[in-house]
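Beneath this line is the structure, given in structure tokens, with notes to follow.
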Amino acid sequence: MATKILIISRGSGFMMDALDSNLKQSGFKTVHAEPDVKSITKVKEDTDIVVLLADEFVYESAEALVYLRDICEDEELPVCLIGYAGEMDEIKQYIPGRCIVWEFLRPFDAKKVTEKLKEISKITEEKKLGKQILLVDDDPTFLKMLQGWLSEKYRITAVKSGMQAITYIAHHTPDLILLDYDMPVTSGPQVMEMIRSEITAATIPIIFLTGKSDRESVMNVMRLKPQGYLLKTMSKDDIVASIDEYFENNRWNNRF
């Protein structure tokens with residue numbers, strides 16, 4: 001299904017028409033609204049991205065901007081602003097920065113805006129598919145089994161070594177890493193240390209996978225301060241439930 005972009009502007013014009021044409025040629029679905037509550041309400045259904053072409057209307061459209069803020073916060077819609085600096089500053093008094101993913105200063109290049117919206121659309125679609133988990137384990141049988149269990153609910157990437165994991169996170173930011181504690185060449189603790197040393201990856205949650213349940217082994221795992229650990233001997237239902245609970249509560253409870 002094509003990404004739906006809601007373009008909010010007062011009237012039409014050469015630049016808006018050029019942007020609309022470029023977006024449609026790139027496979028986007030576009031709808032238009034005036035900067036008022038009634039107009040936005042008519043077309044907002046199933047919107048994926050909001051593009052706000054600001055001009056002087058922002059100084060007299062507080063009601064519409066508040067309404068737009070509520071929609072974007074409730075539905076987690078990304079907002080792109082196009083305008084002069086003063087107009088965008090005015091909009092930010094109503095729409096919080098966490099909703100605004102990109103800003104384009106006038107005059108703008110419609111093709112460059114379209115290319116950026118392609119990037120934003122890709123990220124938006126990935127979020128719709130659910131949380132992304134990176135599985136790291138040198139046991140191909142266990143890796144395949146766990147991938148099958150979790151792929152029903154989550155986007156899964158599976159790699160067979162610590163170095164493959166490091167290479168992957170250099171270009172991606174998974175929501176969670178399930179990391180085998182005992183791996184040859186580069187062990188789980190070594191991989192974790194490398195991840196924690198990277199500024200862009202340091203905050204990615206890590207949960208260790210381990211086949212050892214004795215107290216000493218568990219203490220060795222937890223001493224490294226991961227978010228938690230999973231025993232490989234756990235059932236499918238328990239493993240999936242543990243991960244579901246982590247994402248729901250942003251907190252890990254070891255169940256054993």
Side-chain angles (χ1 to χ4, degrees), residues 101 118-256:
V101 296
K118 286 180 183 179
E119 296 177 19
I120 295 169
S121 173
K122 183 178 179 181
I123 295 171
T124 301
E125 289 302 311
E126 286 179 350
K127 286 183 177 179
K128 285 183 180 180
L129 294 173
K131 300 289 187 180
Q132 181 180 21
I133 299 176
L134 174 63
L135 306 182
V136 190
D137 198 305
D138 67 308
D139 181 344
T141 301
F142 180 79
L143 193 66
K144 184 176 181 180
M145 179 181 70
L146 189 58
Q147 183 174 11
W149 289 354
L150 296 176
S151 60
E152 296 174 8
K153 289 188 173 183
Y154 302 104
R155 293 184 293 123
I156 305 298
T157 298
V159 298
K160 298 177 182 178
S161 72
M163 295 315 298
Q164 287 181 352
I166 296 299
T167 300
Y168 179 82
I169 65 171
H171 303 285
H172 304 83
T173 306
D175 297 291
L176 176 65
I177 299 174
L178 297 182
L179 177 60
D180 186 15
Y181 185 81
D182 296 299
M183 290 189 295
V185 185
T186 310
S187 69
Q190 289 174 317
V191 175
M192 179 176 177
E193 184 178 359
M194 286 188 281
I195 292 172
R196 292 289 182 255
S197 69
E198 294 291 332
I199 295 176
T200 57
T203 59
I204 300 174
I206 295 174
I207 292 172
F208 276 120
L209 301 167
T210 178
K212 299 176 181 179
S213 58
D214 61 278
R215 180 176 176 78
E216 182 180 356
S217 297
V218 169
M219 292 304 294
N220 286 336
V221 170
M222 296 309 293
R223 196 172 291 120
L224 300 170
K225 297 183 179 179
Q227 271 60 43
Y229 68 96
L230 280 172
L231 292 179
K232 292 185 175 183
T233 54
M234 291 170 63
S235 68
K236 170 186 176 180
D237 290 344
D238 283 342
I239 287 178
V240 174
S242 294
I243 293 172
D244 288 347
E245 186 175 335
Y246 172 74
F247 282 129
E248 288 170 6
N249 303 319
N250 200 28
R251 180 168 54 87
W252 184 261
N253 289 320
N254 291 310
R255 298 178 169 221
F256 18 81

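Atoms OG and OH, from S242 and Y229 in turn, are 10.5 Å apart once rounded to the nearest 0.5 Å. Taken to the nearest 0.5 Å, the CG atom of L176 stands 4.5 Å off from the CD1 atom of I207. Here the CG-NZ distance, from L135 to K144, works out to 14.0 Å after rounding to the nearest 0.5 Å. Note that CD of Q132 and OG1 of T157 are 4.5 Å apart. Values are rounded to the nearest 0.5 Å. Of the inter-residue distances, the one linking H171 atom NE2 with T200 atom OG1 reads 10.5 Å to the nearest 0.5 angstrom. Atoms CG and CG, from L231 and D238 in turn, are 10.0 Å apart once rounded to the nearest 0.5 Å.
Ring pair Y154/F247 is tilted by interplanar angle, where 30° to 60° counts as tilted.
Remark: E198 engages A201 in a side chain to side chain contact (heavy atoms under 4.5 Å, CB included) (not counting sequence neighbours). Every residue meeting the side chain to side chain donor-acceptor pair (under 3.5 Å) condition with S121, not counting sequence neighbours, appears here in chain and number order: T3. A search for side chain to side chain donor-acceptor pair (under 3.5 Å) contacts involving K236 returns E152, not counting sequence neighbours. Not counting sequence neighbours, the partners of E119 by the side chain to side chain contact (heavy atoms under 4.5 Å, CB included) test are K116.
Under the salt bridge (charged side-chain N to carboxylate O under 4.0 Å, His left out) criterion, the residue pairs touching residues 160-183 are D180-K232, with sequence neighbours excluded. Among residue pairs with one or both ends in residues 183-196, none qualify as salt bridge (charged side-chain N to carboxylate O under 4.0 Å, His left out); sequence neighbours excluded.
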- Before giving the answer on side chain to side chain contact (heavy atoms under 4.5 Å, CB included), spell out for I239 and L230 the whole-Å C-alpha distance, their side-chain angles and the decisive distance to 0.1 Å. CA-CA 7 Å; I239 287 178; L230 280 172; 4.1 Å; yes
- Task: Using the side chain to side chain contact (heavy atoms under 4.5 Å, CB included) rule, take D137 and L146 through it: C-alpha gap first, then chi angles, then the decisive distance, then the call.
- Result: CA-CA 10 Å; D137 198 305; L146 189 58; over 6 Å; no
- Item | T167 and V159: CA distance, side-chain angles, deciding distance, side chain to side chain contact (heavy atoms under 4.5 Å, CB included) verdict | CA-CA 10 Å; T167 300; V159 298; over 6 Å; no
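Smallest separation of non-hydrogen atoms from P174 and I204: O-CG2, 3.6 Å. When every heavy atom of M183 is checked against every heavy atom of G162, the shortest pair comes out as CE-N, 4.0 Å. Closest heavy-atom contact between Y246 and Q227: OH-CG, 4.0 Å. Between Q190 and V185, the closest heavy-atom pair is OE1-O, 3.6 Å. Residues L134 and A165 come closest through the heavy atom pair CD2-CB, 4.2 Å.
Contact annotation: the side chain of I177 never approaches that of V191 to less than 4.5 Å [non-hydrogen atoms, C-beta and beyond]. Between L179 and M192 the shortest side-chain heavy-atom distance falls below 4.5 Å.
With L178 as reference, I243 is the one residue of I156, I243, I206 to meet the side-chain contact (heavy atoms from CB on, under 4.5 Å) rule.
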